[in-house]
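Per chain, numbering begins at 1; letters A, B, ... match sequence-line order.
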2 protein chains.
Amino acid sequence: MHSQAEENYLKAIYSLQNNPRQEVSTTAMADKMQTNASSVTEMFRKLAGKDLVHYRKYRGVQLTRQGKTMAISMVRKHRLWETFLVEKLNFSWEEVHDIAEQLEHIQSEVLTDRLEHFLGYPKYDPHGDPIPSSKGELLKVKGKRLTELKIEEEGVLINVKDSSEEFLKYLNKKNLGLGDRIKVIAIEPFDKSIKIDNNTQEHVISEQIAKNLYLK
Amino acid sequence: MHSQAEENYLKAIYSLQNNPRQEVSTTAMADKMQTNASSVTEMFRKLAGKDLVHYRKYRGVQLTRQGKTMAISMVRKHRLWETFLVEKLNFSWEEVHDIAEQLEHIQSEVLTDRLEHFLGYPKYDPHGDPIPSSKGELLKVKGKRLTELKIEEEGVLINVKDSSEEFLKYLNKKNLGLGDRIKVIAIEPFDKSIKIDNNTQEHVISEQIAKNLYLK
DNA sequence: CTTAATTTTTAGACAAGCCAAAATAAATAT
DNA sequence: ATATTTATTTTGGCTTGTCTAAAAATTAAG
Ligand SMILES: [Mn+2]
Ligand SMILES: [Mn+2]
Ligand SMILES: [Mn+2]
Ligand SMILES: [Mn+2]
């Protein structure tokens, strides 16, 4: 059917496409996939040949209906497996992404659906990302970035946009997790770092970090 | 590390090696792997280069200590995943083998160990095959073949040696499953087919089928 | 023991993915 | 509008795993 390489490309295109009309460029992909621009061009042509993307030379690609369906299916599997690992096997949220990168390629529709049932139809994965339904429907997370809050404003952390081990370990160290109520105490104008109150402790976090935290 | 192809070859060599001294031939492998003899030769050389097998030209291969460890690790993962699929996701025993063929290639030692813990350290998989421990220890199933029983002898079905969907669906149709008490009523000398009593029903099964059923 | 049949290896090719360097198109600056 | 910079594609080559056909070794038969 489709190779793992193809699946990974589709997923990456999906995550880079902010709106369905936007074309994803060769370099953006090469950057995301940690690979060579020429490799990306070749894969673009291949995916176009399979009607998974629309490809215009020198312009980039956008997902076809079919390609989008595939991409969302990958996201669904990835997030269901992450949820399984945390909820059932007691992994912590920073350990699951890499394993899910492998598990998402297991090909069995019925397995995915049974897993979802076993997990009790979770709406969000361990990082607060919404889990697409078997029909490909996807809730929109309506939180706002921590960087958008003003002083004295507060909210609950509902989503992290970076699932890397390094980032999540940083949050662990600062005792920050999903569901925490966070209040902005001060904003340093020079570097836009933010002093926050986490109910129990105060921390100063960089803009870089804050950009990846979504609150409601 | 190791490719899926390498892992599959090691597992196949392990299953063809009746005793650790026995050399597995190129054609036996080609037959098992549904591939070409020349492909097998090339993989034998490659595995020998990685010290996973001892290879003597024109003689065949046997697993090295290292190769055996790898092979048993694959078997362990395969059987744990099959158990998961049946015990937790309510698959039936004929549906799990092909999915486990994919899942066994997921690389994460800690995942395997956590899965085993989650399943409560099962000793046997859904087909009655023993599950190797994390140290590679493996119980020996000490059942005897149904074909070895004499008339009026009986036993409990504890293991099936064929995990293919077709074979297991046949057993389902005859209402035969692990744990069933089976008694030999008659043996047809001409084709060695066996009439059995399953407590509730009587069936005639071919020698071909009977060879794959192990009783205690 | 010598020939015939079978098994195994070698040789030459091919597809999938990848990369580095060269060529070309597009975007930007002057 | 032209020159320069940047992005993209093309070209040639490499690795893994596969296949078919031919050659060589082993085994079986007479
Ligand atoms: Mn993830
Ligand atoms: Mn996630
Ligand atoms: Mn199996
Ligand atoms: Mn099994």
Side-chain angles (χ1 to χ4, degrees), chain A residues 1-14 16-18 21-63 67 70-71 74 101-102 104-107, chain B residues 1-14 16-18 21-63 67 70-71 74 101-102 104-107:
Chain A
M1 198 100 295
H2 301 114
S3 69
Q4 293 203 181
E6 285 168 16
E7 292 184 340
N8 285 333
Y9 271 89
L10 289 174
K11 194 159 64 98
I13 295 167
Y14 180 75
L16 290 175
Q17 232 178 353
N18 296 314
R21 288 275 152 273
Q22 189 190 327
E23 289 179 304
V24 174
S25 76
T26 304
T27 23
M29 275 297 287
D31 188 56
K32 175 94 177 177
M33 305 281 294
Q34 309 253 64
T35 187
N36 209 287
S38 59
S39 305
V40 173
T41 300
E42 291 171 64
M43 187 55 90
F44 278 1
R45 294 189 53 213
K46 188 177 170 196
L47 294 174
K50 296 189 174 190
D51 279 318
L52 294 166
V53 300
H54 299 295
Y55 172 46
R56 291 192 307 143
K57 265 189 175 188
Y58 296 100
R59 294 287 127 152
V61 292
Q62 44 192 180
L63 293 170
M70 276 281 318
M74 300 310 299
E101 283 295 313
Q102 300 180 62
E104 72 190 7
H105 297 290
I106 304 295
Q107 306 223 337
Chain B
M1 199 97 294
H2 300 115
S3 70
Q4 294 203 181
E6 286 168 16
E7 292 184 339
N8 286 333
Y9 272 89
L10 289 173
K11 195 159 63 96
I13 295 168
Y14 179 74
L16 290 175
Q17 232 178 351
N18 296 314
R21 287 274 152 272
Q22 189 190 327
E23 289 178 303
V24 174
S25 76
T26 306
T27 23
M29 275 297 285
D31 187 56
K32 174 96 177 176
M33 304 282 294
Q34 310 252 61
T35 189
N36 211 289
S38 60
S39 305
V40 172
T41 299
E42 290 171 69
M43 187 55 90
F44 278 1
R45 295 189 53 214
K46 189 177 170 196
L47 293 173
K50 296 189 174 191
D51 279 318
L52 294 166
V53 299
H54 299 296
Y55 171 45
R56 291 193 306 145
K57 266 191 177 186
Y58 294 99
R59 295 285 128 153
V61 292
Q62 43 191 184
L63 294 170
M70 277 281 318
M74 300 310 298
E101 284 295 312
Q102 299 180 61
E104 71 190 7
H105 298 289
I106 303 295
Q107 307 223 337

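- Atom CE in A:Met29 sits roughly 12 Å away from atom P in D:dT9 (whole-Å rounding).
- The only member of B:Arg56, B:Arg59, B:Lys57 that meets salt bridge (charged side-chain N to carboxylate O under 4.0 Å, His left out) when paired with B:Glu23 is B:Arg56.
- Pairing each heavy atom of B:Asn8 with each of B:Glu104, the nearest pair is OD1-OE2, 3.6 Å.
- In this structure a side-chain-to-backbone donor-acceptor pair under 3.5 Å is missing from A:Gln62 to A:His54.
- Rounded to an integer number of Å, the gap from CG of B:Asp31 to P of C:dT6 is 16 Å.
- The nearest whole Å value for the distance from the CD atom in A:Glu42 to the P atom in D:dT10 is 10 Å.
- In this model, the phosphate group of C:dC18 is not approached by any side-chain N or O of A:Ser39 to a distance below 4.0 Å at OP1 or OP2.
- Computed from coordinates, the B:Asn36 CG to D:dA22 P distance equals 14 Å when rounded to whole Å.
- For B:Arg59, the listed nucleotide lying nearest its side chain is D:dT26; candidates were D:dT26, D:dT18, D:dT9.
- Between the CD atom of A:Glu6 and the P atom of C:dC18 there is a distance of 10 Å, rounded to whole Å.
- For A:Tyr58, whose side chain is taken as the heavy atoms from C-beta onward, the closest listed nucleotide among D:dT8, C:dC18, D:dT20 is D:dT8.
- Put simply, the side chain of A:Gln22 never gets that close to the backbone of A:Gln17: no donor and acceptor are under 3.5 Å apart.
- B:Thr26 comes within contact range of the sugar-phosphate backbone alone, with a heavy-atom separation under 4.0 Å but no base atom that close.
- Summarising the geometry, the separation between NZ on A:Lys50 and C1' on C:dA16 is reported as 10 Å, rounded to the nearest angstrom.
- Contact between the side-chain N/O atoms of B:Arg56 and the OP1/OP2 oxygens of C:dT9 is not found at any separation under 4.0 Å.
- Considering only the side chain of A:Ser38, D:dT10 comes nearest among C:dT10, D:dT10, C:dC18.
- Separating the CZ atom of A:Phe44 from the C1' atom of C:dC18 is a distance of 15 Å, rounded to the nearest angstrom.
- Side-chain atoms of B:Lys57 lie closest to C:dT10 of the nucleotides D:dT18, D:dT10, C:dT10.
- Comparing D:dT10, C:dC18, C:dA11 against the side chain of A:Met43 picks out C:dC18 as the nearest.
- When rounded to the nearest whole Å, the span between CG of A:Leu47 and C1' of C:dA16 equals 13 Å.
- By the 4.5 Å heavy-atom criterion applied to side chains, A:Glu6 and A:Met43 are counted as neighbours.
- The shortest distance between side-chain heavy atoms of B:Thr26 and B:Phe44 falls below 4.5 Å.
- Summary of the strand contacts: B:Arg45 and A:Ala5 both lie near DNA chain C, and taking for each the nucleotide with the nearest heavy atom, the more 5' one is attributed to B:Arg45.
- Put simply, B:Thr27 has a side-chain N or O that comes within less than 4.0 Å of OP1 or OP2 on C:dT8.
- Proximity note for A:Tyr55 (side chain, C-beta onward) versus D:dT11, D:dT20, D:dT9: the nearest is D:dT9.
- Between B:Thr35 and D:dC19 there is a side-chain polar atom (N or O) within less than 4.0 angstrom of OP1 or OP2.
- Dashed line: the shortest gap from a side-chain N or O of B:Tyr9 to OP1 or OP2 of D:dT18 is under 4.0 Å.
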